[in-house]
Novice: 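Let me give you the structure first, and then I'll get to my questions.
No hydrogens, no waters, no symmetry mates; every other heavy atom, side chains included, goes into these values.
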Amino acid sequence: MAGAAGGFLTRALESMLKECSPKKYGELQKAIQTYLDSTKETTQQSTSTEKIQSSSSAGDGSSNDATDAEAVKDGNNIDGSSSTQHTAEDLVTKPVATGGAITTALASAGHTLKGTEVELVLQPLRLAFETKNLKLVEPALDCLHKLIAYDHLEGDPGVEGGKNAEQFTDILNMVCGCVDNSSSDSTILQVLKVLLTAVASTKFRVHGEPLLGVIRICYNIALNSSVNQATSKAMLTQMISIVFRRMETDQITQDSPLSSDAHAQTETTEGDGSISNNVEITLDDQNGKGIILGDALSINRGKDTPLAFVEELQNLAGGADIKGLEAVLDKAVHLEDGKKITRGIDLDSMSMGHRDALLLFRTLCKMGMKEENDEVTIKTRLLSLELLQGLLEGVSHSFTKNFHFIDSVKAYLSYALLRSSVSQSPVIFQYATGIFTVLLLRFRESLKGEIGVFFPLIVLRSLDSSDSPLIQRTSVLRMLEKVCKDPQMLVDIFVNYDCDLEAANLFERMVTALSKIAQGTFNADPNSVTASQTTSIKGSSLQCLVNVLKSLVDWENSRREFEKQNGNTQFTDEDVSTRESNDLRNREEGPSNFEKVKAHKSTIEAAVSEFNRQPGKGIEYLISNKLVEYKPASVAQFLRNTPSLDKAMVGDYLGQHEEFPLAVMHAYVDSMAFSEMKFHTAIREFLKGFRLPGEAQKIDRIMEKFAERYCADNPGLFKNADTAYVLAYAVIMLNTDAHNPMVWPKMSKADFIRMNTMSDAEESAPKDLLEEIYESIVKDEIKMKTDRTGLGKSSKQKPETEERGRLVSILNLALPRRNSVTDTKSESEDIIKQTQAFFRTQGVKRGIFYTAQQIELVRPMVEAVGWPLLATFSVTMEEGDNKPRVLLCMEGFRAGIHITRVLGMDTMRYAFLTSLVRFTFLHAPKEMRSKNVEALRTLFSLCDAESDSLQDTWNAVLECVSRLEFITSTPAIAATVMQGSNQISRDGVLQSLKELAGRPSEQVFVNSVKLNSDSVVEFFKALCGVSAEEMKQTPARVFSLQKLVEISYYNMARIRMVWARIWSVLANHFISAGSHHDEKIAMYAIDSLRQLGMKYLERAELTNFTFQNDILKPFVILMRNSRSETIRALIVDCIIQMIKSKVGNIKSGWRSVFMIFTAAADDELESIVESAFENVEQVILEHFDQVVGDCFMDCVNCLIGFANNKTSHRISLKAIALLRICEDRLAEGLIPGGALKPIDVDADIAFDVTEHYWFPMLAGLSDLTSDPRSEVRNCALEVLFDLLNERGRKFSSAFWESIFHRVLFPIFDHVRHAGRDNLASSNDEWLRETSIHSLQLLCNLFNTFYKAFLLGDSNLMGQKFENCMRSSKELYEIN
């Protein structure tokens, strides 16, 4: 290595010496010989060790050449690190003579030449460059490249007073001078290698003007060399990257950073330079006085800057026309007195790395501003913009937060971006969108104000304006597709602009503009736009909108996940901000207020909208919402300071004669100051804020108040206010006359003076004043602040103006219209003057940028754009069958439904869902297309993944499932799908429908188990509703009824409380279905009900619960109400089957079972009665231990019902016998509370629990004694009195009294009625066979228990004897 390093220069110079002609290159020959002689002397005096080293150095020359190429290839990585190792190994420590210093230094990489050594080495190279001889220049370039690459040259070219600065600057200039139109490609490549190595070197430090010279020559090569163009571009990119990486690693020399609000102002001279005749890069001082553009365009950061100034600045930036804005910005970066202001960092406080980066950045921006139309300038501009974009994309994240540096360059960056954004060249505009994209994604925290200006200028103008070329709109859409994928950026835009009272709603306006384009309502010349272009634009807009929704979903998910991981739902200001700079400020308004600010802003916008329709109602709205006080001064202030008000409406309101508007007008005028203001200037200022109304009386009131105010502010100018009033009117007339082309002839100066001359000379305005006013008005029309159309424009221009007024304006202003050259120039000059005036008098601070983290911010964002998005998706679905756009719409629907569900926005969620359901077109199969199949597929996917979001739309979803099954299962309906389309398309759609009717459709019901409690109840309600509709069809369908049974099975494991809610829905539906007029439907419903009952009876029920009874109640109702014998028989069979299979599990269900059997006992069909009774008998005889508690009473009532049955006396007798068995079980204590207990004389005789169980049985037997069948009557009598005789000893006297009155004595009611009504003949049989026997049994019973219970109660005893005797007497008389 050492040999190679030491010998490359000698070998190269020796070869060059051979090419030198003494006559032509004498000086070069002498310089080379001088160097060679000095090295030979050194060689002769060297020791053997040195000879070995020299020999070794020469022998390794080839390896050095190879390393050389690598060094060029990786020029940005060249430093002293690799050579340090060789220096450590090969360093010779013994002293060397002065003549051998060069050889020693060149012997090892990293050794630097010093003093005269540098000149001795560079002189031959310098002279070789001057020869322009290819055989001399290329070896010289190669030598210089290696000298720099091996760190043999150390210095600071471009630094005044720097080491070797002058020599190295000179040699660099010579290297650059090697490139001209006649240079070979190999020479150009060598030059590029040298320049890249020089810029990358850590010892050969290129700064300032030499650095720009390097960039300059690379520019020329990139523009002019076809062979080395790509290489030159790559090296330019690499050089720029090196410069900025060094800047990022350099430290600012000051101990503490400068405050961004207290920037130093330093006079600097940045030098002059040029790039041949092709490209010109200069750092000239420029004339003009102003503030750096970036500060001029920044939105107000501090509270001390008046709102009016900020609004005026925004108006200027977005108002009249682009040319005017360019003029403003051009003047803003120039000076009038030759002094340059640099906001950001004092240049003296910068490190060299920072200075180089600053100069290079500004140079790139300036090159990107050039607007000449020649080919070279255009190429230069494109290359500069390309490099600028690559630079912004490639810098580190820390650079994007370097507010000091960005403050220093944003003026030029903004100006370059402005000129590019208004360029008519599609390529240049495309670079503008690319640069702006990078600013949005990476620099938005540093450039809040600039983004607030350029977003409307680049994005909204291109999307909304009919003037924007189609290719520009396409570029913006491509940019937005990328931008809208960044969730944090969208939220940041919303927070910093839409939630800022002083800023435009950028996010909302962007979405609205995209929505209009996607719907096909964008402005474009139909003759210049092809169908494919329209489709492409719509598709791109739709993609952007879908990306917006998906980004909101992603952001909400990420923030929710972040909150879960951190267990923290509240964020402080430090959490919200991601600013890493040391000048982080305390914020007065934290992100927690963003929602409130946005709501307040929305309220103001609504009030303004209302005012612009009806001023009176608008003011009422403002007062009712406490936006202004009910005071004339407060309303007047609002009218003056709210720029978005319709100026015509403001004028109309001020001219009203009612008391309050009149007071507002007076307060409005009184709030203005006209002191020391010329009359025509005052009236111009006065009329800036509103348009005069059209009624003379209104104008009269306004002008009258103006005259009064002007005279008050300027006393002595006029004798009285009448003079000012007349003059004001005359000025208005003159303005209309002079600038309305429809008025002819025009008013002359003499006419104007004559109009204002009064009989009393003292009352007339001075003639000089009138002449001055006339000339001013004729020369310069009086216009409102936002009157862009002028008062005298022809009616032909109105439609264009009105159309533009419809668009969202830039910074709350109308978009610029196309003016004539004269109009553009005059308006531009006006804006220039006003901007300069504001710049001189006001300072604008950088706006605080909030990086929001609050999850709650998503809701107002969705509220702002949700409805336009839904409208877009709906219109797109209705338009055609473009599959890519349909799929995008489906993504949008999914995202919209998800985010609205998560945020609890039920109205919007319902709208999204119902729209999606409507687009399935299952209600109109003839009109179905493939897009409708996609809608159905999306709906099913939502049911699978977002089932909780459907909630109140389950009915519509399940209707779709039902219709799908009907279409696919009915051939006649399936044949009508896509009627009129080709067979292949129809078959494809039908196949897709059949696939969806399979597993996806089934999954809707299977997933019901995933629903929460409220949702599953809604699901059952909806399915019952759909089933009810199916059963009304002809023929009736049971698809949903079948699914009800299935999902009931799926959800059987839910808790009892939820099932109770579900069953309350199901029971009513099954009752309705079981009562259907079609027996097949009814039978299917009852069988389904049986299946559910059987399934539920598998669950054990604890004591005192009644849910089994609720489950079986529908059977009871159906059994009682059905008129069909088949249905009633089926119900009985179902109950019998349940008993046989689940008898051990039935608890509270016995009540419903006995109710059903009781209803069956009254049936007229003997088979039903017999079947039911057989099972009742079996239950009592075999499973009586299961019939407990209150169900016992239902069992008794059931048996009494069967005993009263008239179809079979056998069943009646068996029923009475079973009643006797029940009585025995009751007496034995097998029924809780039913066992008889000894009488407690101290107990409360008014209540005995046994009566609850005994009395119904006794009363039933008593009723049976009147049965027309004698065997039934006699059996009932015997059982009744046997029971009383056997159990009566334990009955209480109160119970006995109840038995006599309510059980025994009613037996003889027939006798008493017969005696009174002479109906003896009808009761002969009963009297003959039963009455005497009944009376005897009664008497025996009375005698048996008389002593025990009735002896002490003579009244009761007498009453009973009286009754008995009366009955006996009646019987005796009848007989």
Novice: Using ring centroids (six-membered ring only for Trp), state whether Phe455 and Tyr497 fall under 6.0 Å.
Specialist: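 No, too far apart.
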Novice: Checking Gln430 now: which residues fulfil side-chain contact (heavy atoms from CB on, under 4.5 Å) with it, not counting sequence neighbours?
Specialist: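 Only Thr433, Ser475, Arg478 meet the side-chain contact (heavy atoms from CB on, under 4.5 Å) criterion with Gln430.
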Novice: Can you tell if the side chain of Ile451 reaches within under 4.5 Å of the side chain of Asn496, non-hydrogen atoms only?
Specialist: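 Of all side-chain heavy-atom pairs linking Asn496 with Ile451, none is under 4.5 Å.
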Novice: Check for me whether the distance between the ring centres of Tyr412 and Phe361 falls short of 6.0 Å.
Specialist: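 Tyr412 vs Phe361: aromatic centres not under 6.0 Å.
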Novice: Could you pull out all residues at least two apart from Lys485 that satisfy side-chain hydrogen bond (donor to acceptor under 3.5 Å, both in side chains)?
Specialist: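 Listed in chain order: nothing, the list is empty.
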Novice: Does the side chain of Ser398 come under 3.5 Å of the side chain of Ser396 through a donor N or O and an acceptor N or O?
Specialist: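 Side chains of Ser398 and Ser396: pair found under 3.5 Å.
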Novice: Find out whether Thr400 and Glu445 are in side-chain contact, i.e. whether some heavy atom of one side chain is under 4.5 Å from a heavy atom of the other.
Specialist: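 With C-beta onward as the side chain, the pair stays apart.
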Novice: Looking at side-chain heavy atoms only, is the closest gap between Phe429 and Ile471 below 4.5 Å?
Specialist: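 They are not in contact (no side-chain heavy atoms under 4.5 Å apart), so the answer is no.
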Novice: Take the angle between the ring planes of Phe893 and Phe873 and call it parallel below 30°, perpendicular above 60°, tilted in between.
Specialist: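 Aromatic pair Phe893/Phe873 classed tilted.
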Novice: Indicate whether any N or O donor in one side chain lies under 3.5 Å from an N or O acceptor in the other, for Glu605 and Asn505.
Specialist: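 Glu605 vs Asn505: donor-acceptor pair found between side chains.
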Novice: Taking the side chain as everything from C-beta on, heavy atoms only, tell me whether Val865 gets closer than 4.5 Å to Leu549.
Specialist: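 A side-chain contact is absent here, since even the closest heavy-atom pair is not under 4.5 Å.
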Novice: Quickly, which of Gln854, Glu856, Gln853 forms a side-chain hydrogen bond (donor to acceptor under 3.5 Å, both in side chains) with Arg559? Name it, please.
Specialist: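 One option only clears the test, and that one is Gln853.
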Novice: So, for Gly539 and Arg885, which heavy atoms are closest and what is the spacing to 0.1 Å?
Specialist: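 For Gly539 and Arg885, the tightest heavy-atom pair comes out as CA-CG, 4.2 Å.
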Novice: Sort out for me which residue in Leu477, Val548, Leu514, Leu888 forms a side chain to side chain contact (heavy atoms under 4.5 Å, CB included) with Gln543.
Specialist: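 The residue from Leu477, Val548, Leu514, Leu888 that satisfies side chain to side chain contact (heavy atoms under 4.5 Å, CB included) with Gln543 turns out to be Leu888.
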Novice: Of the non-hydrogen atoms in Ser515 and Pro868, which two are nearest, and what is the gap between them?
Specialist: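 Nearest pair, atom of Ser515 first, then Pro868: OG-O, 3.1 Å.
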Novice: If we ignore hydrogens and angles and just use 3.5 Å, is the side chain of Arg442 paired with the main-chain N or O of Val438 as donor and acceptor?
Specialist: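 No; judged by distance alone, with no hydrogens or angles, the pair does not exist.
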Novice: Are a donor atom and an acceptor atom from the side chains of Ser540 and Glu481 found within less than 3.5 Å of each other?
Specialist: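 A donor-acceptor contact under 3.5 Å links the two side chains.
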Novice: Can you name the side-chain hydrogen bond (donor to acceptor under 3.5 Å, both in side chains) partners of Glu610, sequence neighbours left out?
Specialist: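 Result, side-chain hydrogen bond (donor to acceptor under 3.5 Å, both in side chains) vs Glu610: Arg613.
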